[in-house]
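Okay, structure first, notes after.
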Amino acid sequence: MRFVKQAGLLAGAGMLLVGVVGLAPAQADDVNTIVRKPMPRSSLPRVHADYSMFHFVPRGDEVTVQPERDRLLFRKKSGQPDGYAERRGAAIVYYDASGKPIRIQHLTPEELDRMNQ
């Protein structure tokens with residue numbers, strides 16, 4: 001019985017190690033590139049979410065997509081939050097890390113048409 005418990009603990013530790021390796025942040029080749037990754041539990045398919053209308057992405061930040069909220073999360077390379085942007089009607093509002101709005105981008109009629117398709 002003791003062997004079974006030890007084997008179970010070793011198997012659990014191995015699975016945890018594999019899970020932690022899978023959570024390592026993506027490394028970008030260039031400092032100015034943007035890494036976009038979807039949230040793990042997104043209910044919408046990635047094909048249906050179009051974020052090309054978000055123009056003001058902080059340079060060098062990792063971008064996490066939240067399609068269920070029409071939102072992008074920005075993180076610095078060190079992992080610290082750098083703010084987020086979300087769509088509000090006919091505009092996109094950009095927030096800093098503390099949640100204060102810092103920029104409003106009004107969508108053009110072409111972007112609104114593309115968004116409603």
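Computed from heavy atoms alone, side chains included, the values below leave out hydrogens, waters and symmetry copies. Since the model is a prediction, treat every value here as computed from it, not as a measurement.
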* Run the numbers on Arg114 and Met53 for side-chain contact (heavy atoms from CB on, under 4.5 Å), then give the verdict. => CA-CA 9 Å; Arg114 186 177 62 213; Met53 62 194 91; 3.9 Å; yes
* To do: Would you check, one step at a time, whether the test side-chain contact (heavy atoms from CB on, under 4.5 Å) holds for Thr64 with Leu72?
  => CA-CA 6 Å; Thr64 305; Leu72 295 178; over 6 Å; no
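Judged purely by atom type and a 3.5 angstrom limit, Arg88 has no side-chain atom pairing as donor or acceptor with the backbone of Ile92.
Between Ala97 and Pro81, the shortest heavy-atom contact is CB-O, 3.6 Å. For Asp82 against Lys76, the heavy-atom pair with the smallest separation is OD1-CE, 3.5 Å. Closest non-hydrogen pair, Arg87 versus Phe54, comes out as N-CZ, 4.3 Å. Nearest heavy-atom pair across Lys77 and Gly60 is CE-O, 3.1 Å. Listed here is the closest heavy atom pair of Ala90 and Leu112: CA-CD2, 4.0 Å.
At a threshold of 4.5 Å between non-hydrogen side-chain atoms, the residues Val63 and Leu73 do not count as touching.
Between Phe74 and Tyr94, the ring planes are parallel. Angles under 30° get that label, and only those over 60° would be called perpendicular.
Taking CG of Leu107 as the start and CG of Asp113 as the end, the distance is 11.0 Å to the nearest 0.5 Å. Considering CZ of Arg69 and CD of Glu86, their distance stands at 8.5 Å, rounded to 0.5 Å. To the nearest 0.5 angstrom, Glu111 atom CD is 7.0 Å from Ser52 atom OG.
In this structure, Arg71 has no salt bridge (Lys or Arg N to Asp or Glu O under 4.0 Å) partners at least two apart in sequence or on a different chain. Residues satisfying the ring pair (Phe, Tyr, Trp, His ring centres under 6.0 Å) criterion with Tyr84, sequence neighbours excluded, are Tyr95.
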